[in-house]
Each structure stands twice: as structure tokens, then as C-alpha cells.
Amino acid sequence: MFYLSKVTPLFFLLALTNLLIGFFLKISSQDYIHYGFVFVFGFIAITIIGAMYQIIPNSQQRQLYLPNLSYISFLLGVILSILLVFQSYKLASIVFFVLVVLFSAHVLPVLKNVKPITIKFLTASLVYMFLSSIVFLLTNFFQIPLQAVIHTFTVGAMINAVFGVEFAWIPMFYMQTVNTKRGNFIFWLNQLSVIFILISFLTLNYKLISFAVLLQILVTVLFLWFVIDTVKRGKALTGIPYAVKFFSAGLSFLLGGLVVAFFVSFTKNHILIDFHIDFMILGFGVFTITGGMLHLTPRILWNIVYVKKAQQGKQVPQVNMVIPKNKAERFFSLLFLSFIIGLLTEGFGFTYGWALFYFVFIFYSIYFVYKLAVFTKI
């Protein structure tokens with residue numbers, strides 16, 4: 001790695017803490033706005049900012065100017081998390097705006113080459129992250145639907161970030177290159193879909209929402225086909241890495257969440273809103289981010305702790321042995337199964353059916369954090 005962000009693992013730990021709090025709020029409360037904001041801005045946004053602190057400078061082969069500013073961003077992330085938990089949304093909107101402005105001002109100067117498809121997606125994600133912070137802030141002065149605030153981030157920033165990273169990582173796992181025409185087509189079609197979705201939520205035009213969601217379903221199918229095609233051409237040599245399994249499951253749940261969103265918007269029946277949140281956050285968000293963390297975190301920590309020793313010819317542990325493959329595979333299988341159980345039980349009005357999903361996630365999260373701590377001798 002050319003650039004190492006020591007703050008990224010801290011962002012990941014904060015995001016996981018917020019996710020666990022969100023789990024508790026979902027079981028103990030029916031206020032989906034409350035746990036929705038904790039999930040979206042406390043878990044997903046914090047994760048994306050932490051990951052971008054590593055991915056953007058490294059992709060550009062450039063060092064961040066004044067790298068210690070990232071610790072101020074982390075502190076703002078902690079404050080934001082506390083405010084979200086206590087439902088202080090006005091103050092949270094201000095802190096989130098300041099966080100995004102500081103983060104954007106910190107990473108944008110290193111962006112010089114925006115031609116790669118991954119960087120295009122990540123740049124778009126930054127734009128929509130900034131837009132979402134403005135929309136969130138404006139809720140203090142205008143009657144803006146909270147759905148518009150959440151979807152500006154999830155559809156604009158989150159999906160662009162996920163597609164961008166996976167366009168780089170999945171072909172990398174199989175030592176393949178991305179078809180530029182295919183990548184650019186999906187990129188521009190996705191931006192068109194995002195614009196339609198944001199306009200539709202700002203106006204609460206349900207017909208336009210339905211059309212926009214259909215367009216986003218098309219984009220997701222095209223991207224999922226890219227993933228399937230890449231895996232088909234490469235799995236004979238390397239199999240399917242556990243990170244790709246997490247990513248593929250996440251994309252499938254994204255598709256499921258979009259189908260539910262289309263049904264809700266087309267029928268104007270909000271009874272399935274909880275299922276939409278389940279698919280998008282606990283499915284798409286949790287599986288995608290888990291796969292990303294399991295891949296990225298050990299490599300960051302290995303470079304921080306061991307790279308100098310390796311350069312000196314000393315014996316060091318192998319990075320691919322940090323997270324045991326069999327444990328990661330079992331984690332994926334149990335998490336997938338418990339997610340399906342959670343969905344089915346919620347269909348019968350039994351919210352506590354998610355307890356198994358939460359237990360599996362918490363148990364393995366503690367195990368992997370322990371493994372990383374031992375690996376880095378913390």
C-alpha cells in the first residue's frame with residue numbers, strides 16, 4: 001500500500017458500535033426514523049468516510065496533506081454518533097455537515113486522475129455525500145421529507161461508493177480488468193437513476209418514485225451481471241473469495257430492497273417499509289460493509305505493524321492468515337441463514353426473530369476484533 005490511513009480502523013470500530021446500537025433500537029423501538037438514522041449516518045456514513053480515507057489517497061498514489069486532520073474527522077464522527085442516538089437531529093445535521101466539509105476538503109486535493117471507473121463512482125459518492133449533508137442541514141429551516149435526507153445518502157453516496165469499490169476489488173481478486181465501456185455505461189445510467197430518485201423523494205411524487213426505482217433495479221441487475229460474469233471467468237482458478245460472497249449477497253439484498261421499494265411506491269402501501277429497511281441496511285449495508293472490512297482492515301494493520309520488518313527481511317505473519325478462511329466462510333453462511341430467518345419472522349410480526357442475526361454478527365465481530373488485536377499485538 002502506498003498510503004496508510006491509521007484512522008480508518010478507528011472509523012470502522014465506531015461504525016460497528018453504531019450498528020450494534022441500531023440493532024438494539026430496532027428490537028426495542030418501532031421508530032424506524034430513529035434506528036434508520038443511526039444505521040445510515042452512524043453506521044454506513046462513518047464506514048464510507050473511514051474507507052475513503054484509505055482508498056482515495058492509495059488509488060491516487062498520493063499522500064494526504066496534514067494527515068492528522070483525519071483524527072478531527074473521527075472526533076466529529078463520535079459526536080455525530082452520540083447526537084443520533086439521543087435523537088438530537090438538529091445538532092446532528094450541523095455536525096454531519098461540518099464532518100463532510102472537512103473530510104471532502106481533506107481528500108479532494110489528492111484527486112488528480114478521475115478517469116478510472118472506480119474513481120468516477122467515488123467522486124460521485126463524495127458529491128452526493130456533500131449534497132446529503134446540505135439536505136440534512138436544511139431540514140432545520142424547511143419542511144423537507146426525512147425520506148429525502150436518507151435516500152440522498154443511501155442512493156447517492158452509498159450505492160456509488162459500493163459500486164466503485166467493487167468495480168476495483170472484484171476483478172482484482174481474479175486478476176481481470178474492467179471493460180471500460182461497460183463500466184462507463186453503468187456509471188452514467190446510475191447517475192441518471194439517482195437524479196430521478198432524489199427529485200421524486202423531494203417532491204414525494206410516487207409515480208416518479210416507481211419509475212426511478214425501476215431504473216435503479218435495471219442498474220443493479222447490470223452491475224450484478226458484471227459481478228457474476230467476473231466470478232464465472234475466474235472462479236476455476238481461485239474459487240470464490242469470502243469477500244466476494246459477502247458482496248454478492250449484499251447486491252442480491254439490494255435488488256430485493258429495490259423490489260420492495262417499487263411495491264411500496266406503486267401501491268402507496270407503507271406496510272412493507274420495515275422490509276425495505278431490512279433489505280437495504282441489514283442486507284445490502286451489513287453484508288457489503290462486512291466483506292469490505294474483512295478484506296481491508298487486516299491489510300491496513302499488517303502494513304502499519306509489519307511492513308518495515310518485512311522490508312528488513314525479518315519473519316512476519318502472512319496477511320491472508322489473519323482472518324481464517326474457514327471462520328469467515330462459516331460467518332457468512334450463518335449470517336445469511338439468520339438474515340433469512342429474521343425476514344421470515346418479521347413477516348409474522350415477531351421482531352425478536354432478528355436476535356439470532358444480531359448474535360451471529362456480534363459473536364463473530366468480537367472474534368475477528370480479537371484476532372486482529374492478537375495479530376497486531378495490541
Side-chain angles (χ1 to χ4, degrees), residues 15-16 18-48 84-85 146-147 149-151 153-155 157-159 162 197 201 209-210 213 216-217 220 224 245-293 331-365:
L16 288 175
N18 290 330
L19 177 61
L20 300 184
I21 293 171
F23 286 166
F24 173 78
L25 292 174
K26 178 171 171 57
I27 286 182
S28 63
S29 169
Q30 295 301 311
D31 185 357
Y32 65 84
I33 294 296
H34 188 191
Y35 66 74
F37 267 71
V38 172
F39 280 144
V40 171
F41 294 105
F43 169 54
I44 296 173
I46 293 296
T47 300
I48 291 175
L84 290 171
V85 170
L146 291 177
Q147 299 97 316
V149 179
I150 290 176
H151 286 87
F153 187 86
T154 54
V155 177
M158 178 186 176
I159 292 180
V162 169
I197 288 177
F201 272 106
I209 291 175
S210 298
V213 171
Q216 188 63 52
I217 287 174
T220 303
L224 193 53
K245 291 184 179 180
F246 277 100
F247 293 159
S248 300
L251 290 170
S252 300
F253 295 140
L254 169 61
L255 193 58
L258 291 171
V259 170
V260 173
F262 174 77
F263 178 84
V264 170
S265 61
F266 188 76
T267 64
K268 299 183 183 178
N269 186 342
H270 291 183
I271 194 172
L272 295 180
I273 285 291
D274 283 339
F275 288 99
H276 174 63
I277 295 173
D278 293 340
F279 272 114
M280 298 301 290
I281 305 299
L282 302 182
F284 176 48
V286 169
F287 277 80
T288 302
I289 287 173
T290 299
M293 285 185 178
F331 178 31
F332 170 77
S333 299
L334 291 174
L335 197 67
F336 187 92
L337 177 62
S338 59
F339 177 83
I340 301 302
I341 292 172
L343 280 180
L344 293 175
T345 54
E346 187 159 71
F348 292 102
F350 185 63
T351 308
Y352 292 99
W354 285 105
L356 178 61
F357 179 84
Y358 302 158
F359 173 78
V360 170
F361 187 89
I362 292 169
F363 176 83
Y364 275 95
S365 294

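Numbers here are sequence positions counted from 1.
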Quick check: do [X] and [Y] have side-chain heavy atoms less than 4.5 Å from each other?
X    : Y    : result
L254 : F279 : no
W354 : L343 : yes
F39  : L282 : yes
Y35  : I281 : no
F284 : V162 : yes
M280 : T154 : no
I159 : Q216 : yes

Query raised in the report: Judged by atom type as modelled, is there a donor-acceptor pair below 3.5 Å linking the side chain of S338 to the main-chain atoms of L335?
Result: yes
Partner set under side-chain contact (heavy atoms from CB on, under 4.5 Å) for [X], not counting sequence neighbours:
X    : result
V259 : I217
I273 : Y32, V264, H270, I277
F24  : S28
S333 : none

Query - Qualifying side chain to side chain donor-acceptor pair (under 3.5 Å) pairs, either residue in residues 276-287, two or more places apart - result: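 Non-adjacent pairs meeting side chain to side chain donor-acceptor pair (under 3.5 Å): K26-D278.
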Say you draw a straight line from [atom1] of [X] to [atom2] of [Y]; how long is it, rounded to the nearest 0.5 Å?
X    : Y    : atom1 : atom2 : answer
T290 : K245 : OG1   : NZ    : 15.5 Å
F339 : F253 : CZ    : CZ    : 4.5 Å
I44  : N18  : CD1   : CG    : 11.0 Å
L356 : I341 : CG    : CD1   : 5.5 Å
T267 : F263 : OG1   : CZ    : 4.0 Å
L258 : T220 : CG    : OG1   : 5.0 Å

Report task. Anything under 30° is parallel, anything over 60° is perpendicular, the rest tilted; go ahead and classify F357 against F23. Result -> perpendicular
Query - Ring geometry between F332 and F336 (parallel below 30°, tilted from 30 to 60°, perpendicular above 60°) - result: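 The rings of F336 and F332 sit tilted, inter-plane angle from 30° to 60°.
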Tell me the closest heavy-atom pair linking [X] and [Y], and the distance in Å.
X    : Y   : answer
V38  : L84 : CG2-O, 4.0 Å
M293 : A15 : CE-CB, 4.3 Å
A157 : I48 : O-CD1, 4.4 Å

Under the ring pair (Phe, Tyr, Trp, His ring centres under 6.0 Å) test, which residues partner [X], sequence neighbours left out?
X    : answer
F37  : F41, Y89, F136
F43  : none
F331 : F246, Y364, F368

**Report entry** side-chain hydrogen bond (donor to acceptor under 3.5 Å, both in side chains) against S210, all qualifying residues, sequence neighbours excluded
**Finding:**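 Here the qualifying residues are S265.
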Query - Any pair counted as salt bridge (charged side-chain N to carboxylate O under 4.0 Å, His left out), so long as it reaches residues 249-259, sequence neighbours left out - result: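 Residue pairs with at least one partner in residues 249-259: there are none.
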